[in-house]
Amino acid sequence: HPFSGSLSLSVSLSVSLSLSVSLTLPSLSNVTVMATDKNSNANGANHAGNIGRTTFWFGCLSVASVGMVILNKLVSHHFPLPMTLLMYQNTLSVFITLLAAQIGWVDMKPWKVEHLQQFIVPSILFSIFLGASIRAMPYVAVGTIVVNKCLGTLLVSVGDRVVFGQELNGGRLRALYVILAGSCIYWYTDGNYNPIGYFWLGVNCLANAMSNLYEKHVVMSIDQTAAGSACYLNILSLPVLLFVAMTTGEIDRIAPAIAELTPGVEAALLFTGCLGFLISLAYTTLYTIATTTSVMVASTANKLVSVALGQLMFANKFNALSFTGLMVSLYGAWMYANEKSKARAIQTTESIADVEKGSATALELKAQQSE
């Protein structure tokens with residue numbers, strides 16, 4: 001069946017990718033901290049265990065990231081009910097997250113009504129973002145989806161600058177110019193251009209930027225984990241998606257559409273409901289056992305695998321110039337993420353220095369008081 005062949009191909013490529021990232025980039029990973037006593041069997045066993053754990057989670061990230069894009073595009077062709085699909089995926093994601101919290105795989109704090117109130121507007125934007133994305137998928141190439149994600153970084157940064165007056169340092173500004181240049185090259189040479197698909201991608205990109213800006217600057221800091229916040233968004237999105245499904249007549253078409261599902265499509269639907277949670281869990285775990293740089297490299301490589309699979313499976317038209325635009329956009333996105341990582345590292349260092357300075361001052365005052 002084409003679904004089983006596509007899934008096995010994506011899994012094999014993703015696992016190979018994860019092995020390449022985790023084994024050929026050891027200097028980028030925190031788990032490659034070799035013990036000074038290299039002759040110690042215990043240290044060698046620990047190192048092998050760490051390498052195995054990192055490889056496993058890089059593999060999970062690759063399979064989930066690539067599979068989510070490819071399977072969503074496949075399903076969008078065979079199950080033309082986007083709002084129903086999203087309601088199913090979001091509901092399943094909530095149940096899996098709650099189960100994982102009970103098991104202890106993820107952390108989650110008690111839910112509060114005031115938290116849900118703060119997430120009403122973000123959930124509406126989140127619903128628009130997801131709905132536009134799933135509507136665009138049947139019309140555009142996977143490479144176009146990847147470039148659109150890079151452009152989202154540009155819009156969020158411009159919004160921060162224009163609306164909230166945040167300054168951009170030289171490195172981030174250069175990265176945004178690179179993203180813009182790559183996007184323009186890709187758009188101009190996109191052999192899969194479709195006005196309907198581009199319209200929905202534009203809505204997707206705008207909703208994503210607005211959601212990010214709203215959450216960063218309007219939603220107050222709440223005492224909840226990332227898993228809990230994700231549950232808030234998914235739960236609050238359900239009424240919005242249901243309303244759209246009812247107004248567009250999707251509700252009346254659910255039963256006939258389900259009756260026509262083949263086993264392959266059913267399997268793909270099940271996987272798409274689980275992969276979203278796996279992506280979040282993989283990222284959360286990798287950021288604790290590997291460096292930010294290695295995770296960024298893996299994320300970029302996953303996008304390239306998605307594009308390659310999209311070209312093989314959906315006969316996407318791809319030429320040298322569009323490939324160049326894609327690579328330039330991805331490089332710009334990597335530059336921007338790297339600059340943010342450096343800024344966070346500097347902030348952390350300064351915070352530690354301030355704490356140490358404050359501690360030293362406190363000790364000096366205590367000594368003076370003792371004298």
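Basis for what follows: all heavy atoms, side chains included, without hydrogens, waters or symmetry-related copies. The structure presented is a predicted model; accordingly, all values stated were derived computationally and were not measured.
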For the atom pair CG (Asn234) and OG (Ser229), what is the distance rounded to the nearest 0.5 Å?
-> 11.0 Å
Heavy atoms of other groups near Glu114 CD, more than 12 under 6.0 Å | yes
Could you tell me whether the side chain of Asn72 and the main chain of Met68 form a donor-acceptor pair under 3.5 Å?
-> yes
Distance, nearest 0.5 Å, that separates CG of Leu176 from OG1 of Thr153 = 8.0 Å
How about Asn319: does its CG atom have over 12 heavy atoms from other parts shown lying under 6.0 Å from it?
-> yes
Crowding at OH, Tyr88 (>12 non-hydrogen neighbours, <6.0 Å) = yes
Side chain to side chain contact (heavy atoms under 4.5 Å, CB included) between Asp190 and Tyr198, intermediate numbers included | CA-CA 11 Å; Asp190 184 8; Tyr198 266 66; 2.6 Å; yes
Drop me the distance from Leu81's CG to Ser76's OG, to the nearest 0.5 angstrom.
-> 11.5 Å
Asn302 backbone acceptor or donor facing Ser306 side chain under 3.5 Å = yes
Distance, nearest 0.5 Å, that separates CD1 of Ile145 from CE of Met137 | 4.5 Å
Determine the minimum heavy-atom distance between Pro82 and Glu250, stating which atoms define it.
-> CD-OE2, 3.1 Å
Answer with yes or no whether the side chains of Asn90 and Ser237 bring together a donor and an acceptor at under 3.5 Å.
-> yes
Quick one: are Leu281 and Val106 in side-chain contact, heavy atoms under 4.5 Å?
-> yes
Aromatic ring pairing Trp111/Tyr232, orientation class (parallel under 30°, perpendicular over 60°, tilted between) = perpendicular
Arg161: salt bridge (charged side-chain N to carboxylate O under 4.0 Å, His left out) partners, not counting sequence neighbours | Glu167
Tyr139, OH atom: more than 12 neighbouring heavy atoms under 6.0 Å = no
So OH of Tyr283 and OG of Ser299: to nearest 0.5 Å the spacing works out to 3.0 Å
If you draw a 6.0 Å radius around OH in Tyr331, do more than 12 non-hydrogen atoms from other residues or ligands fall strictly inside?
-> no
Side-chain donor-acceptor contact under 3.5 Å, Asn208 with Asn204 | no
State, without any angle test, whether Ser157 and Tyr336 hold a side-chain donor-acceptor pair at a distance under 3.5 Å.
-> yes
Hey, what do you get for CZ (Arg172) to CG (Asn338), rounding to the nearest 0.5 Å?
-> 11.0 Å
